[in-house]
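Naming convention: chains lettered A, B, ... in sequence-line order (proteins, then strands); numbering from 1 in each chain. All figures in this text were calculated on a predicted structure; none of them were measured in a lab.
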Number of protein chains: 2
Amino acid sequence: MISKPGHDPEVSLLAVTVDLVIFTVRGDELHILVVERGIEPFQGAMALPGGYVRPGETLDEAAERELREETSLEGSALHLEQLRAYSEPERDPRGRVITVAYLALGPDMPPPVAGTDAREAVWVPVASVLGGGTELAFDHATILRDALEHARSQLEHTTVAAKFCPEPFTVGELRRIYEVVWGFKLDPSNFRRKMTRAEAFLEPTGEQRFPDVGRPAALYRRGSARFLVPPLLRTAASRDDAHVHPG
Amino acid sequence: MISKPGHDPEVSLLAVTVDLVIFTVRGDELHILVVERGIEPFQGAMALPGGYVRPGETLDEAAERELREETSLEGSALHLEQLRAYSEPERDPRGRVITVAYLALGPDMPPPVAGTDAREAVWVPVASVLGGGTELAFDHATILRDALEHARSQLEHTTVAAKFCPEPFTVGELRRIYEVVWGFKLDPSNFRRKMTRAEAFLEPTGEQRFPDVGRPAALYRRGSARFLVPPLLRTAASRDDAHVHPG
DNA sequence: GGGCTTTTAGTCAATATGACGTTTAGTAGG
DNA sequence: CCTACTAAACGTCATATTGACTAAAAGCCC
């Protein structure tokens, strides 16, 4: 039962933040955006970009605002989605702070400009973080693991993988997204068959891309479909194979 | 950037609640548990069970506590899972309250005893709520719609459907869960083939159930598998067919 | 042209699926 | 005892999908 906030002894007020796991694919590695903390606790450590939710703001708006501040990219170019809330009382040494994590997927972008803000944002390979090469503050490593598993699962059933690709893109570029996120190779021929047959996933532009090496590839734009039907499922075996190479 | 809660002007403290969408299957209809509100706003209206998160509590603990209070059932018998957070500033007329919704699935239980608490909890058919027969307070109708779609999707890929069945149960009972939640009929023969072949989903007990009518059915217990592989996918057509009969 | 790469197309066996039909084992009623 | 009736359990079969594989096509570099 909900009663008047602030006037009921049972009501406790909590600090609420949003934290962003912003994925992108650079080269052949999955990266996330992290910021260096300027103050205690965890001063000098890396953390997920994020911040307090402001009074008039929804969580989605707070996440979009943080995303703009960190990437200087339009929200429309990125996929932004709520992941889940984290609420361990001990997760922040300063006191009770719960956070709502968001997952963002986007194309490779220029490293965000430092100086607009006190914090410096950098891309780091996910493998380096999960392998222990980069410590994350708070429970952000847990959030990252959850976000990674969620993203991997999303690739199976939805068309979000295309959000990693700047338009227009080739089937090969899209396949590389899957391979990098999932951590194992896919058969080029079978992948093409699957993707081109999926309704409204890939919209041919008629143009071609002429790479430095290899046969020219047809170019596509993102179609209107949000779901990939039938899905492209990882086998039980490939889930095991999926490993993050410590970098 | 996170700074000391309560000492930074940028920090706003929010009231945080958990709300529970508790599904069960009774007869041939999907039901949820709702409570009648005793106070304004929405006095007399129905609402999802829920309440404020207490200072030392995680969200999961708050959800489990509310679940115990409303159902007097062990948490272990139920599937309880965080759905997502809702944060529209106007969602509560008294002020800023964000809520984290939880999804619970469980077997049919006796209607919770009234009197242990001021509020009375009752099972109502989901169809009656979504059809407009029962108004829900706040944005709880939206939460219910999201929870229903999530539950339907969960049945495709996971083994949670078995959580609706008191053990031991028959394949036919499990099939009825799918039919009631999805809102359309399944082929008994193909369903059986699928479920019995799935690894570690159904564990035969060797016993049989002798119903009033029809051939005796083998009894099963829930296996250890949490995912259903391969999944049992609704076709695009059946998603459209899935309709909630206004009750 | 020869070697290299990647795209694109095609083959084929194994598997999964959907739509059926049949048998089995119980109850209910004459 | 015999006949309906019901639902479980099992089987069949045409079709669709998948995974593994071969091969051709179309560019590049030397």
Verify the contact: side-chain N or O of [X] to OP1 or OP2 of [N], cut-off strictly under 4.0 Å; return yes or no.
X	N	answer
B/Lys194	C/dA16	no
B/Arg175	D/dA7	no
A/Arg193	D/dT18	no
A/Arg192	C/dA9	yes

What is the distance, to the nearest angstrom, from the [atom1] atom on [X] to the [atom2] atom on [N]?
X	N	atom1	atom2	result
A/Gln208	D/dA25	CD	C1'	11 Å
B/Arg197	C/dG18	CZ	P	13 Å
B/Leu219	D/dA8	CG	P	12 Å
B/Arg209	C/dT27	CZ	C1'	17 Å
B/Phe184	C/dA19	CZ	P	11 Å
A/Leu233	C/dT15	CG	P	17 Å
A/Met195	D/dG19	CE	P	11 Å
A/Glu179	C/dT6	CD	C1'	12 Å

Distance-only donor-acceptor test, [X] side-chain atoms vs [N] base atoms, 3.5 Å:
X	N	result
B/Thr170	D/dA8	no
A/Arg215	D/dA25	yes
B/Ser189	D/dG11	yes

_Angle between ring planes, B/Tyr178 versus B/Trp182, binned at 30° and 60°: parallel, tilted or perpendicular?_
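The arrangement is perpendicular - the two ring planes meet at more than 60°.
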
- Query: Is a donor on one side and an acceptor on the other found under 3.5 Å between the side chain of A/Tyr220 and the backbone of A/Val171?
  - Reply: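 It does not hold such a pair.
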
- Query: A/Tyr86 and A/Asp146: side-chain donor and acceptor closer than 3.5 Å?
  - Reply: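 Yes.
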
Query - Nearest-neighbour nucleotide for the A/Thr235 side chain, D/dG19, C/dA25, D/dA9 considered - result: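 Nucleotide nearest to A/Thr235's side chain: D/dG19.
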
### Query
What closest approach, in Å, do A/Leu228 and A/Phe201 show between heavy atoms, and which atom pair accounts for it?
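It is CD1-CD2, 3.7 Å.
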
May I ask you to say what B/Asp212 touches in the nucleic acid, namely base, sugar-phosphate or nothing, with a heavy-atom cut-off under 4.0 Å?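 Here B/Asp212 touches the backbone only, sparing every base.
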
Under 4.0 Å, heavy atoms only, any strand: does B/Arg176 hit a base, just the sugar-phosphate, or nothing?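 Result for B/Arg176 = nothing.
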
Select from B/Pro230 and A/Asp187 the residue whose nearest nucleotide in DNA chain C is closer to the 5' end of that strand.
->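 Looking at DNA chain C, the more 5' nearest nucleotide goes with A/Asp187.
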
**Prompt:** Which residue, B/Asn190 or A/Glu173, contacts DNA chain C at a nucleotide closer to its 5' end, judged by nearest heavy atom?
**Reply:**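 That would be A/Glu173.
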
Checklist entry - What's the verdict on salt bridge (Lys or Arg N to Asp or Glu O under 4.0 Å) for B/Arg84 and B/Glu149, showing C-alpha distance, side-chain angles and the deciding distance? => result CA-CA 13 Å; B/Arg84 53 160 290 191; B/Glu149 180 45 41; over 6 Å; no

